[in-house]
Amino acid sequence: MHKYRTHNCNQLRLSDVGHAVRLSGWVFRVRDHGNLLFVDLRDHYGLTQVVIDKDSSAFALIQGVKLESVIRVDGKVLARKADQINSNLPSGEIEVRAEEIELMSEAAELPLPVAGNAEYPEEIRLRNRFLDLRREKLHANIVLRSQVIASLRRRMIDQGFTEFQTPILTASSPEGARDFLVPSRLHHGKFYALPQAPQMFKQLLMVAGFDRYFQIAPCFRDEDARADRSPGEFYQLDFEMSFVTQEDVFNAIEPVLHGVFEEFRGGKHVTPPPFPRIAFKDSMLKYGSDKPDLRNPIVISDVTEVFRGGGFGVFAKAIEEGSVVRAIPAPGAGVRARSFFDGTNQWAKDEGYAGLGYINFKGGEGGGGVAKNLGPERVAQLVSQMQLGPDDGVFFACAKPNVAAKLAGLARTRVGQELDLIEKNTFKFCWIVDFPMFEWDELEQKVIFSHNPFSMPQGEMNALETQNPLDILAFQYDIVCNGIELSSGAIRNHKPEIMYKAFEIAGYDRSVVDEQFRGMINAFKYGAPPHGGSAPGVDRIVMLLADEPNIREVILFPMNQKAEDLMMGAPSEVSPKQLRELGIRFIGDTKPQS
RNA sequence: GGGGUCGUAGCUCAAUUGGUUAGAGCACCGGACUGUCGAUCCGGAGGUUGCGGGUUCGAGCCCCGUCGACCUCGCCA
């Protein structure tokens, strides 16, 4: 007989009745009847009920055993009587009558219960992650993550992609997120950086002629956390392809994402390919976001012209000064109490905006101050343009275009949630395309790269030389699912002259490009194929499939919001000897700069 | 760095809005019980109400400060 087990805890069935077996696992639950005692024995695979009778030599031992102790049970498989069958358990038709039990590892009193599905503070969960990971939901999430990654790999390989590993210790790069730096022992005063993404490496792989690359790539960014952004590190399905147009990239990845979502969708509907393509400009107008949640049926309209020179003075005046008006319909909300409208207005103010105007229609009659001052003719124009129903509500965001779009987008989400309009049980995908190449930085008062400096501008050199930089679009695209940005990608700029020109527009001298992007710009001078790719976030894909609102629920050992690992105690101080070797002296400033 | 929510037993929560000795469930310890599957029943132990100060006859509750957690803005090409 095997030293530890002949079967796992989810293996025994009626066909095993009568056999002598050996099981090992954790004591999940105990039901003590004094002269008869039940133990639910748990391992990775499931549960088996163990029965211990008073006559058994194991009885005394098991009566004092603590939950989550690890035991080995020798016994016989018995069929349960009809009224004792537990139909919730795959092994519920049998039980194991224990003859001998060995306590292999005793558990102390638990800081965190493993049984049950109550919620517990993250600090305790993270500090005792090994216990938290024993719990059913988290355990299942992590297994799901592994299966999703295996599926992604298989699907990419089936599509003709080849997996490569790129360096973890690399060079710091300008722009983008803050780098994690690693000091060099051999070169005092110099640092490696952990890659924010294998961006340049994958492009170099294209130059090297590998044609189709992918990698489940670890990425490191020293930025603050969010519910959907893990601090420090995360994983991307990073891929790149040679001799492709934007459409080729879409056609390659859509079946992979659609396939993996279909495989693990849990009964939900998945957008079939081709996914809708929405221009960035249209997305900002209609959804007030570059990552629209298409489960929300509300569509925003621009109604600036209805208000221009009209009787609603606040808006009319703002429009003269360059503001626009965006209208957010609230279907069927017209009959709601005034508190709904005033509450939404107050919410907008609390978010730091000027507020939201509104009209509430009741039986086709527009109510509220906006309708009164605007006059029946213009209200009728609104109804016709927006195709409003007789009992709809409508909110108005009036501000400079960028701000109005953002507020309208937030209001769209809020109204959709309040009115319970968000479609359930569905994964709605779309591409956001035609991102602007550059944007205006109000703070620095200069033109900056809008997304990725390596993207090819639409119109290439001609566009850079002849168009207003702020009007130039890039072959840059994001893939969005249910309002979550899964990835961003681009057709890359593989021509050094266009690269120099693009960086020049963003205020970087040729020498800066040569220095900061030396490896890549140099490579492009020796025959570079046109190429492009993208990098869907693996953690976010799993998060969607596991239906978890927080990314830490799909990561084995996540750090907390302050980027600390409470279990391992990272980051930690290091010895003076280590610092000396690195040529580093700590100056005693313990507060981070901001 | 700004804003929000929270902080009471090992864990989840309560405490009639400022009033007697801060309660309950789970877990833990002891006892009863041979068919439970969130076992049940009886009993026990467990608390500087995050920390510091203030107001008050009296503070878990009000005020000030501070620490921590999460959410969020900034940030994330």
Side-chain angles (χ1 to χ4, degrees), chain A residues 28-41 47-56 59 63-64 66-68 78 80-89 91-92 95 97 107-128 131 173-179 196-197 199-200 219-232 234 347 350-353 406 410 435 437-439 441 443 448-455 474 476 485 488-490 502-503 506 508 516-517 537 549-550 552 560-562 564 566 591-594:
Chain A
F28 186 52
R29 271 192 275 258
V30 177
R31 294 175 291 281
D32 183 352
H33 289 244
N35 292 313
L36 177 75
L37 192 145
F38 300 94
V39 170
D40 288 339
L41 192 67
L47 291 178
T48 297
Q49 173 163 285
V50 177
V51 195
I52 303 101
D53 197 280
K54 191 176 184 134
D55 305 334
S56 165
F59 192 79
Q63 234 187 351
K66 295 237 183 17
L67 294 183
E68 292 305 312
L78 301 180
R80 299 201 200 180
K81 290 181 191 156
D83 60 336
Q84 293 167 5
I85 288 171
N86 184 348
S87 53
N88 298 320
L89 227 54
S91 68
E95 61 195 7
R97 182 159 295 253
E109 188 177 344
L110 300 171
L112 179 80
V114 173
N117 46 14
E119 290 188 33
Y120 299 97
E122 277 226 284
E123 187 179 355
I124 289 167
R125 296 181 54 199
L126 293 179
R127 204 180 285 282
N128 301 280
L131 286 178
S173 66
E175 300 262 331
R178 267 186 288 269
D179 285 319
Q196 295 180 22
Q199 181 67 34
M200 283 192 269
C219 304
F220 306 90
R221 297 179 191 175
D222 189 2
E223 295 292 350
D224 290 347
R226 284 291 180 279
D228 65 351
R229 200 198 304 159
S230 140
F234 60 98
W347 159 82
D350 292 343
E351 293 283 311
Y353 297 91
K406 195 167 179 191
L410 293 171
F435 276 85
M437 184 80 196
F438 301 101
E439 63 187 42
D441 186 334
L443 228 66
I448 58 170
F449 284 110
S450 173
H451 254 64
N452 185 325
F454 306 126
S455 302
Q476 164 87 43
E485 180 191 319
S488 131
F503 274 88
Y508 293 95
Q516 303 283 3
F517 306 107
N550 193 304
R552 290 186 294 273
N560 68 6
Q561 198 174 36
K562 286 164 113 177
E564 295 165 314
L566 297 175
K591 283 255 192 260
Q593 292 194 341
S594 59

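Scope of the values below: all heavy atoms of this structure, side chains included, with no hydrogens, waters or symmetry mates.
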* Tell whether A:E223 reaches the base of B:rG74 with its side chain through a donor-acceptor pair below 3.5 angstrom. => no
* Touch check for A:E122, heavy atoms < 4.0 angstrom, all strands: base, sugar-phosphate only, or nothing? -> sugar-phosphate
* Asked: Which of the following nucleotides, B:rA69, B:rC75, B:rC71, is nearest to the side chain of A:N560?
  -> B:rA69
* Would you classify A:S450 as touching base, sugar-phosphate or nothing, given that sugar-phosphate means primed atoms plus P, OP1 and OP2, and contacts are heavy atoms under 4.0 Å? => sugar-phosphate
* Asked: What interatomic distance, in whole Å, is found between P of B:rG53 and the corresponding atom of B:rC61?
  -> 14 Å
* May I have the distance from A:R31 (atom CZ) to B:rC41 (atom P), rounded to whole angstrom? => 16 Å
* To do: Using the P atom on both, measure B:rG50 against B:rG60 and round to a whole Å.
  => 10 Å
* To do: Rounded off to whole Å, could you give me the CD-to-P distance for the A:E68 and B:rC26 pair?
  => 18 Å
* Asked: Could you state the CG-P distance from A:L78 to B:rG35, rounded to the nearest angstrom?
  -> 16 Å
* To do: With RNA chain B as reference, determine whether A:Y120 or A:I85 sits nearer its 5' end, using the nearest nucleotide of each.
  => A:Y120
* Which base sits across from B:rG19 as a Watson-Crick or G-U pair, both distances under 3.5 Å? -> B:rC57
* To do: Give one of base, sugar-phosphate or nothing for A:L89, where a contact means two heavy atoms less than 4.0 Å apart.
  => nothing
* To do: Using whole Å, report how far CG of A:D83 lies from P of B:rC37.
  => 12 Å
* Could you state the CG-P distance from A:N88 to B:rG38, rounded to the nearest angstrom? -> 7 Å
* Any N or O donor-acceptor pair linking the side chain of A:Q49 to the base of B:rU36 at under 3.5 Å? -> yes
* Structure fact -> In whole angstroms, the gap separating P of B:rC33 from CD of A:Q63 amounts to 11 Å
* To do: Answer with base, sugar-phosphate or nothing: what part of the nucleic acid does A:R552 contact at a heavy-atom distance below 4.0 Å?
  => sugar-phosphate
* Asked: Does a nitrogen or oxygen in the side chain of A:Q84 sit under 4.0 Å from OP1 or OP2 of B:rC37?
  -> no
* Asked: Angle class for the A:Y508/A:F449 ring planes (parallel below 30°, perpendicular above 60°, tilted otherwise)?
  -> parallel
* To do: Classify the side chain of A:R29 versus the base of B:rC37 as yes if they form a donor-acceptor pair under 3.5 Å and no if they do not.
  => no
* Salt bridge between A:D40 and A:R31, side-chain N to carboxylate O under 4.0 Å? -> yes
* Structure fact -> A:R127 CZ to B:rC11 P, in whole Å, measures 11 Å
* If you measure from CZ on A:F38 to CD on A:Q49, what distance do you get to the nearest 0.5 Å? -> 5.5 Å
* Would you say A:H33 stacks on B:rG35, if stacking means ring centres under 5.5 Å apart and planes within less than 30 degrees? -> no
* Is A:K66 touching bases, backbone alone, or none of the nucleic acid, heavy atoms closer than 4.0 Å? -> sugar-phosphate
* Asked: With sugar-phosphate meaning primed atoms plus P, OP1 and OP2, does A:K562 contact a base, only sugar-phosphate, or nothing at under 4.0 Å between heavy atoms?
  -> sugar-phosphate
* Backbone N/O of A:M437 and side chain of A:S455: donor-acceptor pair under 3.5 Å -> no
* Structure fact -> With the side chain defined as heavy atoms from C-beta on, A:R229 is closest, among B:rC70, B:rC75, B:rG35, to B:rC75
* **Separation of the P atoms in B:rC6 and B:rU16, to the nearest angstrom** => 16 Å
* **Glycosidic class, syn or anti, of B:rU34 using a 90° window around 0** => anti
* So, is A:N86 near the phosphate of B:rG35, with a side-chain N or O under 4.0 Å from OP1 or OP2? -> no
* Which residues satisfy the side-chain contact (heavy atoms from CB on, under 4.5 Å) test with A:R552, sequence neighbours excluded? -> A:E122, A:N550, A:P558
* Expected output: side-chain A:E223 to main-chain A:R178 donor-acceptor under 3.5 Å -> yes
* **Donor/acceptor link under 3.5 angstrom from A:R97 side chain onto base of B:rG35** => yes
* Of the nucleotides B:rG74, B:rG35, B:rU12, which has the atom closest to the A:R226 side chain? -> B:rG74
* Using Watson-Crick or G-U wobble geometry with both distances below 3.5 Å, tell me the partner of B:rU34, or none. => none
* Structure fact -> Side-chain atoms of A:L67 come closest, of B:rC28, B:rC75, B:rG68, to B:rC28
* Asked: Closer to the 5' end of RNA chain B via nearest nucleotide, is it A:G64 or A:P111?
  -> A:P111
* Asked: Which one is paired to B:rA24, where only Watson-Crick or G-U wobble pairs with both distances under 3.5 angstrom count?
  -> B:rU12
* To do: Would you classify A:E564 as touching base, sugar-phosphate or nothing, given that sugar-phosphate means primed atoms plus P, OP1 and OP2, and contacts are heavy atoms under 4.0 Å?
  => sugar-phosphate
* Asked: NA contact type, A:F38, heavy-atom cut-off 4.0 Å: base, sugar-phosphate, or nothing?
  -> base
* Please give, in whole Å, the distance from B:rA27 P to A:D32 CG? -> 12 Å
* **Spacing of A:N88 atom CG and A:L47 atom CG [to the nearest 0.5 Å]** => 11.0 Å
* To do: Could you tell me whether A:D222 contacts a base, only the sugar-phosphate backbone, or nothing, with contacts defined as non-hydrogen atoms closer than 4.0 Å?
  => nothing
* Of the nucleotides B:rC70, B:rG35, B:rU34, which one has an atom closest to the side chain of A:R80? -> B:rG35
* Structure fact -> Among the nucleotides B:rG10, B:rC73, B:rC37, whichever has the atom closest to the side chain of A:K406 is B:rC73
* **Check: A:R221 side chain, A:Q196 main-chain N or O, donor-acceptor pair, under 3.5 Å** => yes
